[in-house]
Amino acid sequence: MANAIQLNAKRLQIPRLYTLLRWLFLVIIAISTALVGFFQSMLVSSLYGLRSQFIFSIVLLNENVFVKFLQYTGFNLLLAFLCCFFMWIISPAASGSGIPDVKAYLNGVESPIFKNFFTIKTFIAKVISSALAVSSSLVMGKEGPMLHAGSILAVVMGSNKWMQQQMEVAAHWGTYTYNKEQRDLVAIGAACGVTTAFKAPVGGVLFAMEMSTRWGKEIMWRCFLACAITIVVVREAVNICSTHGHCKSLQWGSLIWFQLKFPTPYEQVWAIILLAVVGGYLGCLYISFNTWVCVVRKKWTKFMWARIAEVCAISVATSILFFFMPVAGRCKSCDSKADDVCLSGGAEFKTFQGFHCHTDHHYNDLATLVFNPQGYVTQALFQGHSGTFSFTSMLLYGVIYWLMAGITYGAFIPSGLFTPSLIFGGLLGRMWAEALVAMHVANENTVGFYALLGAASFLGGLMRMSAAQALILMEMTQSPAMLPFLMLVLVISKNVGDCFNYGVFEHQMMLKNLAYVGLAENNSKKFHINASDIMKRNDEKGDTLYIVEPGCVLAEALDTFRDSAAFPVTTIPLDPEDKTSKGNFVGMISRRNVALLIDEQGVDAAAIDLTPKVEVAPILIPPNMPLPFIYRIVNAEGFNYVPVIRWNGPLEGMVSRAELVDVQNAQLDQFHLKEQLEKMAHEIDQGKIIGSMHLDNNIHAQAFKHIFTHPVAAVREVLDKDDKPMQVTDTFYLAADDKSYSSRPSDVARPYASGQDSSLRLRTRLPQDASAGRTSTSVNGDISVGASHSIHGADDNRRGGSGDGSPGGVVGGAGAVGSGGCLTDIEMGGGGVTDSAADVTGGNAQGAGTQNNRDGDGDGGVDDERTPLRGGLASSSVKLVT
């Protein structure tokens with residue numbers, strides 16, 4: 001009985017404080033994002049209501065046209081200027097949609113951009129400025145900024161010092177990996193933001209999943225729970241507000257009231273496929289145009305006043321086009337003779353009866369598209385019956401809207417792309433439906449059906465996130481019957497876009513110089529590239545540190561390699577005079593810890609022991625590891641550094657994020673995006689602004705030429721791009737032609753000759769005692785001849801015995817890395833450290849294997865694999881700290 005009670009007590013353990021806080025923060029993030037999104041929708045809707053009433057009064061007044069134009073332009077200009085002004089005085093980091101930056105952050109990118117990207121000031125500027133910008137008639141949406149706002153709330157929740165420390169511990173390998181726990185919070189906040197913006201909880205989860213390169217089951221259901229809480233809070237807030245009668249303004253420019261039903265014409269699949277192809281290409285064409293605009297924009301927006309002036313100029317240009325465009329509109333007859341109701345059906349919007357129409361009970365279809373709020377325009381395109389808008393009016397408005405959206409995105413405003421994509425895609429699908437109706441192929445009740453599919457096709461070619469967008473559109477319109485059609489259209493449009501360029505977010509990351517890993521990961525299977533081809537080689541020491549270094553050498557390393565966040569640490573090579581001789585890999589030490597050791601022991605210290613701060617590598621790879629596997633390792637586990645080790649222990653090089661980005665830009669990128677951007681910027685600097693577009697020979701022209709000249713090969717490339725077989729012949733076998741592989745450890749380990757020249761530079765080796773052949777300097781700078789371990793032994797002692805150099809762990813840190821008569825015997829991945837008092841006889845050293853014991857026969861060990869190396873090397877008086 002007592003044993004049963006004791007067993008139950010062990011099972012009923014109280015969760016750790018960190019675990020409880022993780023779940024508490026999850027709930028707080030979800031509720032906070034939902035409330036912020038609801039109040040932002042109220043703010044936007046209220047501003048849109050005031051703006052719309054003001055514009056209605058301006059447009060319909062019998063005043064001079066020029067006066068009405070000045071009032072319309074001045075009102076839009078004021079809102080646009082206030083948007084920029086608030087961002088300027090609060091936080092300029094609130095500019096842009098924020099989605100490319102969040103996607104790069106989730107990928108593990110470290111950039112100065114993120115310094116002010118996740119702050120409360122940026123959050124406040126984002127919410128206020130996006131509401132002002134949307135209300136100023138600029139071609140943009142507010143949904144993308146909502147994702148950024150949710151991410152900021154997530155970061156703020158985990159920004160206290162104690163939580164940061166706990167998340168760093170939970171990240172497992174601080175130097176080798178980025179803070180994955182912090183980025184998981186950002187992914188959850190982004191999913192909550194999408195849920196709030198589109199009322200799509202499942203779509204929010206999938207959106208965060210498609211943005212992240214590291215995704216697992218745990219974060220999936222954590223994210224799912226957060227989105228479920230978010231949608232419940234949003235709907236409850238709307239219900240409470242509607243009960244008290246204060247939510248009428250939500251219909252102005254909000255997507256919250258969408259509930260549509262469409263027919264399902266499966267017999268018109270061919271027409272749906274054609275629409276998907278055209279919409280996908282227009283989406284990728286928009287990306288190329290917007291990229292060119294952003295490169296041109298960099299030339300004259302280096303100062304804040306220039307960025308604000310540009311937004312004001314865009315606002316004025318948009319007002320001019322939108323105010324005078326309805327002159328070319330068609331006058332359509334109303335369905336009803338009533339003055340306040342013109343069109344019948346579910347679409348509710350102002351029709352501007354009498355605007356440039358001199359017949360009673362007629363409305364201007366272009367004025368209806370131009371002057372109505374975005375929410376009303378979207379409803380009109382999806383719900384209006386056939387003939388509501390003429391084909392020519394939709395074509396004119398669509399072309400100008402597409403151009404202005406391409407110019408506006410990327411300016412100094414918190415702009416989103418989802419709402420403009422819905423409007424332009426809706427116009428495209430509706431025009432296609434009207435053509436099918438005119439040819440008696442489709443019924444008149446299918447125009448809304450094709451409008452939604454047109455929006456999906458443009459989104460697929462623009463963002464390349466098929467699964468998330470399908471669920472978002474289905475949940476937003478509450479039309480589950482549309483899901484098969486949405487999936488078909490999004491898959492086709494995405495593949496069409498992939499033939500010409502990358503998604504809009506990838507282009508924006510490249511424009512911002514964010515080192516995104518995985519841009520061309522699928523193409524890595526086509527090239528036979530191994531780790532040895534891309535690694536930063538460990539030649540002539542470089543940034544490599546030895547396990548014991550003088551203080552001046554460490555200071556020199558910090559000053560020389562300013563961009564290095566960490567340094568590889570090896571044992572001292574067997575022959576420091578030989579440039580090809582390499583020491584055995586021990587681990588990595590962060591830049592911060594190097595500076596800390598210098599502060600503790602001084603720059604003038606003769607020998608500083610690095611082992612207390614060296615972190616053992618959680619994973620090692622061989623030089624012939626194929627590139628696709630490296631991508632999986634880095635993206636799945638968030639590694640910043642992956643050591644490349646030969647079977648006998650020497651460090652051959654390091655594969656970091658920088659090397660992966662370099663190889664994808666130089667070799668894997670089939671579109672040569674970085675090269676295109678640099679060439680374009682160079683030509684723009686020379687004054688060739690229009691010529692930099694290369695209309696006669698750009699990536700689109702080359703792709704079309706390839707498609708029309710080799711159609712079968714082009715189709716095959718699309719179908720086989722993700723299933724390219726990888727050559728694995730002799731991939732993981734020792735290369736027979738590599739002498740370093742075939743040589744025995746006893747042959748490689750050459751003892752030092754006595755009386756070596758001690759005038760070698762400090763970064764080459766430590767001073768040696770020629771008579772004894774062993775290090776004569778202790779950690780504290782004291783002379784301790786004969787009391788320390790031998791550096792020049794001839795045998796490779798592994799796991800407590802005289803090893804024969806059998807292949808040690810190359811992947812996952814399964815094996816041990818040793819050195820001939822080495823100072824330490826380290827088992828990679830296990831964290832065990834041996835610093836035994838070896839019996840030094842003739843250069844041979846007998847170690848204690850993986851035991852953490854000075855006497856060589858103890859049973860202690862370092863259990864935590866994250867624990868840094870401990871213990872001194874030069875003097876036996878230094879104690880181990882565990």
Side-chain angles (χ1 to χ4, degrees), residues 95-97 99-101 103-104 109 111-113 139-140 280-303 306-307 309-311 313-314 317 399 402-413 415 417 420 461-464 496-520 523 658 661-707:
S95 174
S97 68
I99 297 180
D101 309 79
K103 185 172 183 178
V109 176
S111 172
I113 295 177
V139 182
M140 54 159 289
Y281 177 70
L282 290 177
C284 73
L285 186 63
Y286 171 90
I287 296 171
S288 297
F289 174 68
N290 175 255
T291 302
W292 174 77
V293 170
C294 290
V295 175
V296 175
R297 176 178 287 128
K298 283 186 175 182
K299 182 177 177 59
W300 62 66
T301 56
K302 298 179 180 179
F303 303 100
R307 301 175 70 182
E310 183 204 14
V311 173
I314 294 174
V399 171
W402 186 90
L403 289 172
M404 294 310 301
I407 294 173
T408 304
Y409 187 71
F412 188 60
I413 52 174
S415 56
L417 277 178
L462 185 68
M463 300 183 184
R464 320 286 167 87
V496 169
D498 287 341
C499 295
F500 297 93
N501 52 23
Y502 299 109
V504 63
F505 302 140
E506 284 74 16
H507 277 244
Q508 289 295 316
M509 285 188 288
M510 186 67 74
L511 286 167
K512 295 181 178 182
N513 294 320
L514 296 174
Y516 183 84
V517 174
L519 183 67
N523 290 334
V661 171
D662 289 341
V663 72
Q664 75 183 13
N665 292 336
Q667 293 181 259
L668 305 184
D669 184 4
Q670 60 178 331
F671 304 118
H672 307 288
L673 179 57
K674 185 176 180 62
E675 181 182 343
Q676 286 187 54
L677 294 178
E678 292 175 350
K679 182 179 179 181
M680 194 182 300
H682 178 68
E683 293 177 348
I684 290 173
D685 290 338
Q686 293 179 340
K688 303 176 183 178
I689 297 179
I690 302 298
S692 63
M693 298 180 70
H694 295 283
L695 298 176
D696 57 337
N697 187 27
N698 54 27
I699 189 66
H700 294 269
Q702 295 172 6
F704 275 120
K705 182 179 180 181
H706 176 63
I707 291 171

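Here, residue 1 is the first one in the sequence, and each next residue gets the next number. Please read these numbers as outputs of a predicted model, since none were measured by experiment.
- By the side chain to side chain contact (heavy atoms under 4.5 Å, CB included) test, A520 is found to be paired with Y502, N523, L668, residues two or more places apart in sequence or in another chain being considered.
- Side-chain contact between L285 and F289 is absent, with no heavy atoms from C-beta onward closer than 4.5 Å.
- The line from CG of L519 to NE2 of H507 is 8.0 Å long, rounded to the nearest 0.5 Å.
- Rounded to the nearest 0.5 Å, atoms CD1 (I113) and CG (D101) are 6.0 Å apart.
- Taking both residues in full, the closest heavy atoms of I413 and S95 are given as N-OG, 3.7 Å, listed atom of the first, atom of the second, then distance.
- Closest of all the heavy-atom pairs between V517 and V661 is CG2-CG2, 3.9 Å.
- The closest donor-acceptor contact from the side chain of S692 to the backbone of I689 lies under 3.5 Å.
- One distance of note links NZ of K298 with NZ of K512; it measures 9.5 Å at 0.5 Å rounding.
- Looking at residues two or more places apart in sequence or on another chain, you find a salt bridge (Lys or Arg N to Asp or Glu O under 4.0 Å) between R297 and E310.
- Closest heavy-atom contact between G410 and S415: N-OG, 4.0 Å.
- For the atom pair OG of S97 and CD of Q508, the computed distance is 7.5 Å after rounding to the nearest 0.5 Å.
- The two residues K299 and D685 make their nearest non-hydrogen contact at NZ-CA, 3.8 Å.
- Annotation: the span from F505 atom CZ to I287 atom CD1 amounts to 9.0 Å, rounded to 0.5 Å.
- Residues satisfying the salt bridge (Lys or Arg N to Asp or Glu O under 4.0 Å) test with K688, not counting sequence neighbours, are none.
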Sequence neighbours left out, cut at 3.5 Å: what donor-acceptor pairs do the side chains of residues 670-682 make with other protein atoms?
unit_1: H672; atom_1: ND1; unit_2: D669; atom_2: O; d: 3.4
unit_1: Q676; atom_1: NE2; unit_2: F671; atom_2: O; d: 2.4
unit_1: H682; atom_1: NE2; unit_2: Q686; atom_2: NE2; d: 3.0

Q: Begin from the C-alpha positions of T291 and M510 and carry the test side chain to side chain contact (heavy atoms under 4.5 Å, CB included) through to its verdict.
A: CA-CA 10 Å; T291 302; M510 186 67 74; over 6 Å; no

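- Across R464 and D498, no two heavy atoms sit closer than the pair NH1-OD1, 3.0 Å.
- Residues satisfying the side chain to side chain donor-acceptor pair (under 3.5 Å) criterion with Y516, sequence neighbours excluded, are absent altogether.
- Looking at residues two or more places apart in sequence or on another chain, you find a ring pair (Phe, Tyr, Trp, His ring centres under 6.0 Å) between Y281 and F500, H700, F704.
- Ring geometry, W402 versus Y286: the interplanar angle exceeds 60°, so the pair is classed perpendicular (tilted spans 30 to 60°).
- Nearest approach of C284 to G497, heavy atoms of both residues: CB-CA, 4.0 Å.
- A 4.5 Å side-chain heavy-atom check between S288 and N501 finds at least one atom pair inside the cut-off.
- Between the side chain of N290 and the backbone N or O of Y409 there is at least one donor-acceptor pair closer than 3.5 Å.
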